[in-house]
Structure formats: structure tokens, C-alpha cells
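Below: the structure, in C-alpha cells.
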Amino acid sequence: MLDNDSLTKRYTEIKRKLFDKAYGHLNSKQREAVFTVNGPLLVLAGAGSGKTTVLVNRIEYMLRYGNTYFSEKIPLDIDEEKISELEKAQSLSPQEIKSVLDGVKTSVIKPYNVLSLTFTNKAAGEMKERLVKALGSDGAEGLWAGTFHSVCLRILRRFTEQTGYSEGFTIYDTDDQKKLMLSVIKDAGADEKMFTPRAAIDFVSACKNELISPDEAKQKAAEFREEKLASFYKEYQKRLKTANAMDFDDIIVRTVELIGKNEEIRDYLQGKFRYICVDEYQDTNHAQFVLVTLLAEKYGNLMVVGDDDQSIYGFRGADIKNILSFDKSMEGAKVVKLEQNYRSTSSILDCANAIIKNNTGRHDKKLWTENGEGEKISLKLLGNQSEEADYIAGKIMELREKENRKLSDFAVLYRINALSNTLEGAFARRGIPYRVLGGQRFYERKEIKDILAYLCVINNPQDNIRLMRIINEPKRKIGDATVDAVKTLAEHYGKSMFEIMENAEQYTAISKSAAKLKDFTRMILGLREIASGDTVDVLIDKVLDFSGYRAMIEALDREDGRNRVENIGELISNAVLFMQSREEATLSDFLEEVTLVADIDNYDPDAEAVVLMTVHSAKGLEFPVVFLPAMEDDIFPSGKSVYSSEEMEEERRLAYVAVTRAKEKLFITHVRERLLYGKTSYYRMSQFVKEIPDELLSESKNGEQQRKFPAGAFGAVRHPSKPKAEISGEFSIGASLAQKTVSGAERFSAGDRVQHGVFGSGTVLTVTPAGSDAVYEIAFDNAGMKKMMANYAKLKRI
DNA sequence: GCAAGCCCAGATAGT
DNA sequence: CTGGGCTTGC
């Protein structure tokens, strides 16, 4: 007996030593998080503390060794000899130790028992990639990794029947939501001044995030306004259902509902997802909290990672309490704090700490680093937004020259998308390749939305909102009166507009237009046939022909028309790439991708271009050199937040996120006057910048004395934009390696400078082969990023 | 039913 | 400054 006990003890000891060595690239806290597989676990991960590394290593460890580290089991064949073998293994390399451990592990977890919820699809993709690298191609087979929305949608698609929706249901984006809500408000005869669609949608969204049903909202309503909003909510929901559509929030809510009320499905999913990991937990809302706790109910193996200081999605319903009280709501939760920062210089870290310490109600933690002090933070005051943009562009040129930096080293992060314009202009003038993420997204352009609306109606003819968008686009002589009549009939008979239109001659109100309406439905049904047999890119091509859309845009004046043709070309390129990336991609999959995939998911950190994005988008990313323009009160913090201390704290967390993106250099700029939304105003330095101690700055902020001048002192000074001297010519990336193809069209490689008929000059950023064709991603000097097919692009080398 | 033109509100962040 | 909604005159 005694003997056995001591054997167990020696085995356990050496086993843990070996695991510590095998995962020696992690610090002890990180390892603790990695090896803690069972039970609830909260990992408080400060900025740059290796959170992603922990997540990936933890899943890799789970799949490979189960719970071996903390397990009290010992392998059956363990004996003196085996133990001395293990002792000798200590001197081996981590990789070799891992193989040795394979021989003594006492458990293993199957990938299909693991659910990993990440904040972006990109993070999920990278996680899978790294797991495949570590465990081989089928080592992660069956593991679910994705965003809350994509994972829930996957569940909803699988169990569509039990949700009350029907096959092919569609997702309404913010725009569609507004349209639908507007019609609800109008039909209710409510005062449109008092109830804007936006406010009603916000109300609905807030309810959904808290899992409040329309009826509950009505009961809770304390006064007239809330009662009204609740009734809009009810009607809105009803119409969504008729259109076989869900909004973004529904994706989560309907999943919670499904799991909550269907015992069989709940059992199945709880049994399946025995191990659940949630990244960016500080940005989950109540509905998401309920979802994960429900899924984890049976096994209790719920791991959440996050940083309360980086909670920046309050406006979307994120509830910081989820992370602040995880250890209280989950009994027996273990808490691991990661406080060593591996990303930034101590100057940058001190700067971030100086800002965030002004917030109250945080989890107590102190971030530290072994990285050197590095350079001081640069703070610069400029006259106006053009000077600011020129300053940033100039700095980038300078650092490229002096420090031999790559363009991908630089990021410009701002509070609001509206600030990107001036910056783009400055980069374009100097021929600096750049890419803008977010903002007016590609999929929000009119012609793109139109084509997608066709695809939606083809996929789901009940989709009334999309149907109304395209029914007379291009013009088919179907006017508002007819559309209204169809809509009314549909509501009256509880049918979709499409169904009414199919039988138009049976209704006197629309019988005069019956022929036109039926032409339309026939066209859609015809396209449905094509959709069932052909790929999406082919389908789009047919849509353009059959609908007359192509003819319509080709008839437009040249510049406008060509631009739209090009944009649609880009949509087709995206469809080609998408079909290629999936084995069996359906139209439904494509539409889902288009609505759920964020700009940031396509961000390639190695592409040779400066990147411009909002601070929100930059969450989780890091860059050697970061510029923070427009650090001014009213912009950052937003003027809309000043009246609420909670919102101010969120702004400050956002500032913290902004600063902690930087690894080596941080440039903060602000201006005296700024042209924004069509009017020029005077701005003062951001209060957050004032919170940075002078000794961290390369230039004293007191030196600027800006507050002492009356605003007018700088008035009326025009700052003409800098001469457009340096034009692209001097600028090139690497050597050009042109390849000729058999087809005769010259092929280009990344880095080549090219000329395009519509967009002018640009730089090829990436080349993705696609069958006999290829997709170019090109940064145009004056037209931004475009994707185009090599065989059709008509590019000239310059 | 349609196109042109006027008017006015709205412009934080994003799945 | 922009885009969408509305009016107006055909």
C-alpha cells in the first residue's frame, strides 16, 4: 500500500514537472490556466498578456492530454523503471517531452466535445489553424469554433424545424431592421416625430439582450412611451416571422429559446459541448451569458477569458458584470490572473495604466512588463485635420526610411469612421498603400445591396423587405400604389407578398398590374432553379441578365456606371473566393457569410499596407507603430458620453484599448480646429491625454498652453493642404516579378504597380489563384481597396 | 408611374 | 456634407 502511494506521488510529481517543461514557453500563470480543464475558470487577461496563446495552448492540451496534469489517475503500467525513464526525459526538448507524455497520459478530450466562442471569425479561423498545426489535420476535426452569432446560426440551421422558422430563413441587418420598424410605426399611426425607427430598434435590441419578450416588455412598461415601444416590438417580431427573417439579436435569443424549451435538443447540446471556452468575455451580454451557462449546465466546464478594462461594447448590450461577478455566479470558479505584458514597452504600458486607473469598479490588477522602457509617447498638436493627416503620412514615410519599417507595421486608430477621409487623402497623395477597415462597408453600397436583395429573395421569397427593395429596381412600372396594395393584402391574408403576387389576378386591388407582378415572380422562380444547380457567381451573373440590372447600370453615365459594374465585379470575385474556400457552399451559406463576416475578418496583418480602422475594430490586434489622431474632447471621449459616468468609463476603457495596441511607438495627435460633418469647430486636447503624466511624453503638454487662448485666437486661419508633391513614382514595394500567362493577359504579383481604367494607379497587395483565373486585391491610390479577377481586370503595368 | 429637385435630419462604435 | 423622403410636374 505504502509503496503504491509513493509511486503515485513520484509519478504525479515528475508528470507535472514534465508538463511544465513541455509548456515552458508559457509563464506559470499561463500554464495554470492551460492545465485547468475541469470546472469553471475565469482567466483575467490583461492587455498583451498572451491571452490567445493561452486559449490555443489550452485547447491543444485538452485535446491531447485531457486533464492529465491535475488528474489523480496513474497509468496502469507505471513502475519504478517507467518513472526513472520519465525523470531522464526532463533533459529533452519540449517537443520530445510532449511525445513522452503521450505515453503516460490518463485522459483525452474529443474535439467534437469542445466549443470555442471567439469574438471574430478570424480569431476562430486562426485557432483552428494553429490546432491543425499542432495536432495534425484531423486533430481538431469536429471542434466548434466561431463567434456567438455564427455558432448560434449553425445550431438554428440544424434545428430550424423546432424553431418555428422555415428552411432558408434570412438575417436582417440594421438597415432592414429600420425599414421594417418604420413600416410598423407608420402602420400603427404613431407620431413619427416621437418614435424614430432607431429609438424603437434600440428598445427592441435592449429587450432582446435581456431576454425580455414582447409580452413581458408590455407588462413591464411603466408609461405610455414604453407601452407604445413594446407594442411596436410585438408587431415588429410578428413581421419578422412572416418574412421568415431574424435580426442579429434574434440569432442569440432564438437559440436560447430553442435550448431552453426543447429538452431533447438541450440534452444533446449539453452532452456534446462538455468543454466550453469563451474569449472576450467582458463583451458578452445577458443573453449570451444565459446561453453559455445553459450549455455548460451539465458538465460545468466553462472557461471564460477577458479583461474588464477592455469592455467596450456596452452600446451593444455587453454587460461588464458578467466578468466582474463570474466567480460569484459560478460556484467554485478558479480565477487566474495574467498580469505580465509581452507586447508593449513600459512607456506605453505606463501610459495605459495612467489612463485606466481613473476608472472605478475594476478587478484589481497591475500589468507589468520585462520589455524595456522604449521611446516616450509622442504628442503633437496640429492646426487642422489636413495638417494632422500630413503629419502622420510624413511620419510613416520617415520611419520607413530611417528605421526600414514595413508598411504593415503601421496602424492609424480613430474613434469614429468619419475621420478616415482626410487620412486617406494624405496617404493617397503620397502613394502610400493603405487599407481602411469598417466604415462605409463594401456590402452597404447600393448596387451591392440590390444584388444581395435579389439573392435573398431567391433564397427566401418570403423576405418582404428585400422584395420591396428590388421589385421596381430596375424600373418595371410597378409603383408605390401597387406595392402598397400587395403589402396590405399580404398582411390581411397572413401571406407573404410573394405569394400574393404569384396569384395577383385573383385580387381586384392589384389585378391591373397582375401581369407585371407575375413576370417578376416568374423571374425569381426561374432564378431559384439556377440557384439550386449553379454556383453563386454564376447565379449573380444570371441575376444581372434576367433582372435587367446590368442593362440599367450600363446605361448610366460613364463614371457612375463603370464604378458600379466594377463593384459588382468585386462581389462576384468574393463569391468565387467563397465558393472556393468551402466544399459545399450554398447560396444560404454565402448570404450568411456576407451578413456575419466583419471587415476585420479579412484583415491580413502581413499585407504591405498601412491599416486604418476604429479602435473598436482594433480590439485584440497589435501593431509596432500606432497613431491615435483626433485625441480631442467631444471626439474621444465622444461628446455623447459626457453626461454619464458609466459611459465615460467605457470611453476610458476604449482609450486604454487604443494605447495598448502599440508595441513600440505611439503617436498621439490632436488639432485646434477640425472640419467634421461639414462644419469646422475648435477642439481641446482629450481629457484622457491630460491623464498621461508629462514624464512619459516626448513633449510637454503644458508647453502647448492651448486652453489659455480664447478659441478665436486661431480663427479664420486657413490651412491649405500641403502641395501634392510626392506622387507615387518614387514608391514601390519590392521587385516586380511579372509572369506571363498562356492566355496572354499579363499576370501581376504582390507589390506590382498597375494602372486601371477607372480607378487609376494602384499597388497589387495580394494575388489569390482561382482556377485558371486569379483574384487581385489592389490598393488604388485614390480609390481605396478593390478586388478584381485577373482575366477581366484590364490592368496595365506602370 | 416616374424623374428631378428640394428639404431636412442626422452623422459613435458593429455582429 | 450626405442620403433618404417627399413634393411636384409631367
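In this text the structure is predicted, and so the values were computed from the model without any measurement. In what follows, chains are A, B, ... by sequence order, proteins preceding strands, each numbered from 1.
- Judged by a 6.0 Å distance limit and a 45° cone about the ring axis, A:Lys228 is not positioned over the six-membered ring of A:Phe195.
- Across all strands shown, A:Lys640 has heavy atoms under 4.0 Å from base atoms, whether or not it also approaches the sugar-phosphate.
- Comparing atom distances between the A:Lys475 side chain and each of C:dG5, B:dC2, B:dA13 picks out B:dC2 as nearest.
- Under the salt bridge (Lys or Arg N to Asp or Glu O under 4.0 Å) criterion, A:Arg469 pairs with A:Asp450, sequence neighbours left out.
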Between N or O atoms, less than 3.5 Å apart, protein on one side and nucleotides 6-10 of chain B on the other: list the pairs.
none

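- Comparing A:Asp249 and A:Ser513 against DNA chain B, the residue whose closest nucleotide sits nearer the 5' end is A:Ser513.
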Checklist entry - Where each pair must be Watson-Crick or G-U wobble with both distances under 3.5 Å, what dot-bracket representation of DNA chain B is obtained, with crossing pairs in [ ] and other-strand partners as |? => result ||||||||||.....

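- If you check B:dC2, C:dC6, B:dT15 against the side chain of A:Leu596, the one that comes closest is B:dT15.
- Between the CG atom of A:Leu153 and the P atom of B:dT15 there is a distance of 15 Å, rounded to whole Å.
- In this structure, A:Lys477 places its NZ atom 13 Å from C1' of C:dC10, rounding to the nearest Å.
- Among the heavy atoms of the strands, none lies under 4.0 Å from A:Lys679.
- Taking the charged nitrogens against the carboxylate oxygens, A:Arg415 and A:Glu651 do have a contact shorter than 4.0 Å, which makes a salt bridge.
- In this structure, of B:dG14, C:dC6, B:dT12, it is B:dG14 that holds the atom nearest to the side chain of A:Tyr313.
- Nearest nucleotide to the A:Phe315 side chain, out of B:dT15, C:dC6, B:dA13: B:dA13.
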